[in-house]
Number of protein chains: 2
Amino acid sequence: MSLRYALLGLLSEGPASGYDLLRTFKDSLANVWPATQSQMYTELTKLADAGLIEVSDQGPRGRKEYTLTPAGLDDLRAWLTTTSPKRNVRNEALLRIFFLGVIPRDQARAYLAGMQERSDQAHEELIELEHAVDWTDSNLSRYGRIALEYGERITATNREWARWALEQLPPEEG
Amino acid sequence: MSLRYALLGLLSEGPASGYDLLRTFKDSLANVWPATQSQMYTELTKLADAGLIEVSDQGPRGRKEYTLTPAGLDDLRAWLTTTSPKRNVRNEALLRIFFLGVIPRDQARAYLAGMQERSDQAHEELIELEHAVDWTDSNLSRYGRIALEYGERITATNREWARWALEQLPPEEG
DNA sequence: TCGTTCATGTAAGACGTTACATGATTGT
DNA sequence: ACAATCATGTAACGTCTTACATGAACGA
């Protein structure tokens, strides 16, 4: 159900087409809830059928601009206030850690080094994003900034952990 | 494909039945890759069909003990060394942050307070888990300990971020 | 004997990914 | 003219969740 609310949430800032939402996603919500083009168009159709959004305008090339309905806003608010988020825990990179014992020590270290590198990179990308974004005084901006801070802290923690983990696994003497 | 490798990985430590794996999961891999009973039994059947594991013993009540085959171990090693993990980013709790502007400030603060509380709790649970686990000198233990450290650092970061976020949103005067 | 734990499975439906498909409009 | 971008959609397949279904064996 999360994608549904991600779309309602974006539309709470104003009308937009599927294509618009697709691009907005890319540099905001994609970092917390990735979705494909395919999924988004399908979901928008379902939301319109359910009366939570409606086509408020049509443009060239079949463009359909959607607007959040009062029912949609109610639904979004109910989601935020009456339900609690599911803990998300799936982490493939961390799953692999458990099984590093089945490969040679140097390869296990290489894996951890890769994690460290990816964390570094992810951290830098977020810093760049912070500079690149046009921080307006919209709700999405204000709260998006708070979410971005989260990402920066997490990627920094990832990086430090990876460094620590490498220390726990010194190279074998040979 | 991750569940598949989670099961191969557990079986790399020795033979086990679906039921055994189910319980081992609960206090280890469930924290990084949750799976239901239903999913696990289905996957075990598929792995056996693919020749990556095989039934090595039968017990009472239809119990089937599976053993990793050489092909299964190869597959597990290939996964660890020749493929790279997908970044996992889905985070429903964080997604909600973006939309806190659609509810009153005090409710937004209540949401953040809830996140802080859940982080605290998650952190404490991991500390407890650390004390409760019988840390042997198996591979799974050694690397599991490293994964647990990750969880502890992340939950601590979560907690600190939630505290910071609350400071960014002072109560409205009224 | 009777409740709990052990033990495995199937089915329906939701959600997500990948690939395919089509075509209009704009800018150079 | 032609390339890039705008714009929307469908189909097949894989994964995950929820619920249902069944029954043997163990221990008090």
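Atoms considered below: every heavy atom in the structure, side chains included; atoms not considered: hydrogens, waters and symmetry mates. All chains are named by letter (A, B, ...) in the order of the sequence lines, taking the proteins before the strands, and each is independently numbered beginning at 1.
Put simply, CZ on B:Arg63 is 13 Å from C1' on C:dT5, counting in whole angstrom units. A:Tyr66 places its OH atom 10 Å from the C1' atom of D:dG9, with the value rounded to the nearest Å. Taking atom CD on A:Gln58 and atom C1' on D:dG9, their separation rounds to 15 Å, with Å as the unit.
Residues satisfying the side chain to side chain donor-acceptor pair (under 3.5 Å) criterion with B:Thr83, sequence neighbours excluded, are A:Arg96. Judged as a side chain to side chain donor-acceptor pair (under 3.5 Å), and not counting sequence neighbours, B:Tyr66 has no contacts. With sequence neighbours left out, the side-chain contact (heavy atoms from CB on, under 4.5 Å) criterion links B:Leu129 to B:Asp27, B:Asn31, B:Leu126, B:Val133, B:Leu148. The side-chain contact (heavy atoms from CB on, under 4.5 Å) check on B:Gln121 picks up B:Glu125, with sequence neighbours excluded. By the side-chain contact (heavy atoms from CB on, under 4.5 Å) test, B:Asn139 pairs with B:Glu13, B:Arg142, B:Tyr143, sequence neighbours left out. Shown here are the salt bridge (charged side-chain N to carboxylate O under 4.0 Å, His left out) partners of B:Arg77, two or more places apart in sequence or in another chain: there are none. Scanning for salt bridge (charged side-chain N to carboxylate O under 4.0 Å, His left out) contacts around A:Glu160 gives an empty result, with sequence neighbours left out.
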With 3.5 Å as the limit, what N/O pairs link the protein to nucleotides 21-24 of chain C?
none

Nucleotide N/O of nucleotides 13-17 of chain D paired with protein N/O under 3.5 Å:
from, atom 1, to, atom 2, distance (Å)
D:dC16, OP2, B:Gln39, NE2, 2.7
D:dC16, O5', B:Gln39, NE2, 3.3
D:dC16, O3', A:Arg90, NH2, 3.3
D:dT17, OP2, A:Arg90, NH2, 3.4

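A heavy atom closer than 4.0 Å to some atom of DNA chain C occurs in no member of residues 6-28 of chain A.
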Only distances under 3.5 Å count here; give the side-chain donor-acceptor pairs of residues 161-174 of chain B to other protein atoms, sequence neighbours excluded, each with its distance to 0.1 Å.
from, atom 1, to, atom 2, distance (Å)
B:Trp161, NE1, A:Ile146, O, 3.1
B:Gln168, NE2, B:Trp164, O, 3.4

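Side chain of B:Thr155 to main chain of B:Glu152: a donor-acceptor pair is present (N/O by atom type, distance under 3.5 Å, no hydrogens or angles).
Counting non-hydrogen atoms of other residues, nucleotides and ligands closer than 6.0 Å to CD of B:Glu117 gives a total of 12 or fewer.
Pairs of residues two or more places apart, or lying in two chains, never qualify as salt bridge (charged side-chain N to carboxylate O under 4.0 Å, His left out) while including a residue from residues 98-115 of chain A.
For A:Lys64, counting side-chain heavy atoms from C-beta on, the closest listed nucleotide (D:dG9, C:dT8, C:dG9) is D:dG9.
For the pair A:Tyr41 and D:dT8, the criterion of a side-chain N or O lying under 4.0 Å from OP1 or OP2 is met.
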